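Quick caveat: nothing in here was measured; it's all calculated off a predicted structure. Chain A is the first sequence line, chain B the second, and so forth, proteins listed ahead of strands; every chain is numbered from 1.
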2 protein chains.
Amino acid sequence: MTPATEASPADRLWTVGELADELGITTRTLRFYEAEGLITPSRAGSARVYDHRDRARLRLILRGKRFGMSLSEIREIVGMYDGAASSERRQLETLLARLGEITADLRARERDLARTLSEVDEVAARCQQRLDQLP
Amino acid sequence: MTPATEASPADRLWTVGELADELGITTRTLRFYEAEGLITPSRAGSARVYDHRDRARLRLILRGKRFGMSLSEIREIVGMYDGAASSERRQLETLLARLGEITADLRARERDLARTLSEVDEVAARCQQRLDQLP
DNA sequence: CTTAACGTTGACGTAAACGTCAACCCTGCT
DNA sequence: AGCAGGGTTGACGTTTACGTCAACGTTAAG
């Protein structure tokens with residue numbers, strides 16, 4: 001049984017237009033991300049061809065954007081997926097250190113988000129309270 | 001005993017420069033936020049004077065920015081602090097509904113952030129595993 | 001009294017992340 | 001043959017969130 005998130009087979013391929021539609025973005029955005037070095041789809045002649053790994057990478061990118069990561073931060077992270085396969089100790093060590101920094105940064109954002117959420121809840125509570133006091 | 005987050009008395013006042021320094025931003029940013037209707041400090045002649053409520057509002061704004069809220073989204077939320085004191089049922093109801101939408105949006109971002117965090121953790125784990133396999 | 005260190009407004013510049021053409025090339029109908 | 005509907009690469013426009021002057025006013029010190 002294939003998981004619900006994987007409606008399409010693992011060997012499915014997409015054109016720019018198809019993938020853009022599925023991800024809810026424009027083809028311009030896909031081309032822009034490619035120009036920025038975030039993805040590198042293969043080509044059929046001059047036409048871009050995206051596979052399931054490109055798609056997964058894109059979903060990671062879009063998720064990052066939703067909570068405020070810049071494209072250059074995202075580029076660094078997606079680049080690490082490749083770097084983690086290295087066999088040079090030095091590189092693995094600096095990579096691991098950087099990953100620690102990134103994790104700390106993300107946790108800080110998580111706290112900021114949680115605090116904002118609780119403040120919004122407070123406003124809602126005050127709002128509800130006012131409503132209850134009305135005739 | 002005053003809380004640690006409140007090193008300064010409740011009646012303290014700040015100039016633009018002082019507050020900018022304390023918040024780690026520039027005076028330009030403070031003026032920009034004012035022009036955008038996010039804050040409205042009082043004036044001493046033509047000079048801006050910020051009190052502890054302005055400061056709290058600013059900290060809320062900056063927190064929002066850190067996880068990707070736009071200034072217009074933030075403006076809407078800070079504006080609700082005032083609207084929640086309304087006494088018109090209609091307004092309180094629409095406000096409460098909007099607060100629900102905002103909460104849902106923030107929770108979605110929270111999920112995106114959590115998923116990204118766990119993916120980063122996975123990369124770190126793979127990285128560590130590679131390191132352990134080295135001589 | 002003037003100079004330094006703050007403040008003010010106004011105008012223009014800039015980086016990021018795309019949007020919006022234009023001009024072109026394939027491909028599959030009809 | 002022709003044309004609609006995809007794809008391609010430029011190139012320039014736009015919005016957001018400020019940065020960066022310029023020209024000016026106002027205390028505070030020497």
According to a strict under-4.0 Å criterion, is Thr15(B) in side-chain N/O contact with OP1 or OP2 of dG7(C)? yes
Rounding to an integer number of Å, can you tell me how far Tyr50(A) OH sits from dT8(D) C1'? 12 Å
Of the listed nucleotides dG7(C), dC18(D), dT9(D), the one nearest the side chain of Arg31(A): dT9(D)
5'-most contact on DNA chain D: Ser70(B) or Ser46(B), nearest heavy atom basis? Ser70(B)
Less than 4.0 angstrom between a side-chain N/O of Thr29(B) and OP1 or OP2 of dG19(D), yes or no? yes
Look at the side-chain N and O atoms of Arg43(A) and state whether any lies under 4.0 Å from the OP1 or OP2 oxygen of dT9(D). yes
Decide whether Tyr81(A) and Glu119(B) meet the rule of one side-chain donor and one side-chain acceptor closer than 3.5 Å. yes
Phosphate contact (dC18(C) OP1 or OP2) by Thr26(A) side-chain N/O below 4.0 Å: no
Let me know the distance between CG of Asp21(A) and C1' of dG5(D), rounded to the nearest Å. 14 Å
In this structure, how many angstroms lie between the C1' atom of dC18(C) and the CD1 atom of Ile25(A), rounded? 11 Å
Tyr33(B) side chain near dA17(D) phosphate (N/O to OP1/OP2, under 4.0 Å): no
Out of dT8(C), dA17(C), dC18(D), which nucleotide sits closest to the side chain of Leu71(A)? dA17(C)
Of dG7(C), dT8(D), dA17(C), the nucleotide closest to the side chain of Ala47(B) is dG7(C)
Check the distance between dA17(D)'s C1' and Leu38(B)'s CG and give it to me in whole angstrom. 11 Å
With a 4.5 Å limit on heavy-atom distance, are the side chains of Arg55(A) and Arg12(A) in contact? no
Residue-phosphate contact under 4.0 Å: Lys65(A) side-chain N/O, dA17(C) OP1/OP2: no
Once you round it to whole Å, what is the distance between P of dG7(C) and CH2 of Trp14(B)? 15 Å
Any chance you could measure Thr26(B), atom OG1, to Asp21(B), atom CG, to the nearest 0.5 Å? 10.0 Å
What is the distance, rounded to the nearest whole Å, between atom CD of Glu34(B) and atom C1' of dT9(C)? 12 Å
Could you state the atom-to-atom distance from CD of Glu36(B) to P of dG19(D) in whole Å? 14 Å
Is there, by distance only and without an angle test, a donor paired with an acceptor across the side chain of Arg28(A) and the base of dT20(C) below 3.5 Å? yes
Tell me the interatomic distance from Phe32(B), atom CZ, to dT15(D), atom P, rounded to whole angstroms. 14 Å
Asp54(B)/Arg43(B) ion pair, N-O < 4.0 Å: no
Whether over 12 other heavy atoms sit under 6.0 Å from Arg89(A) CZ: yes
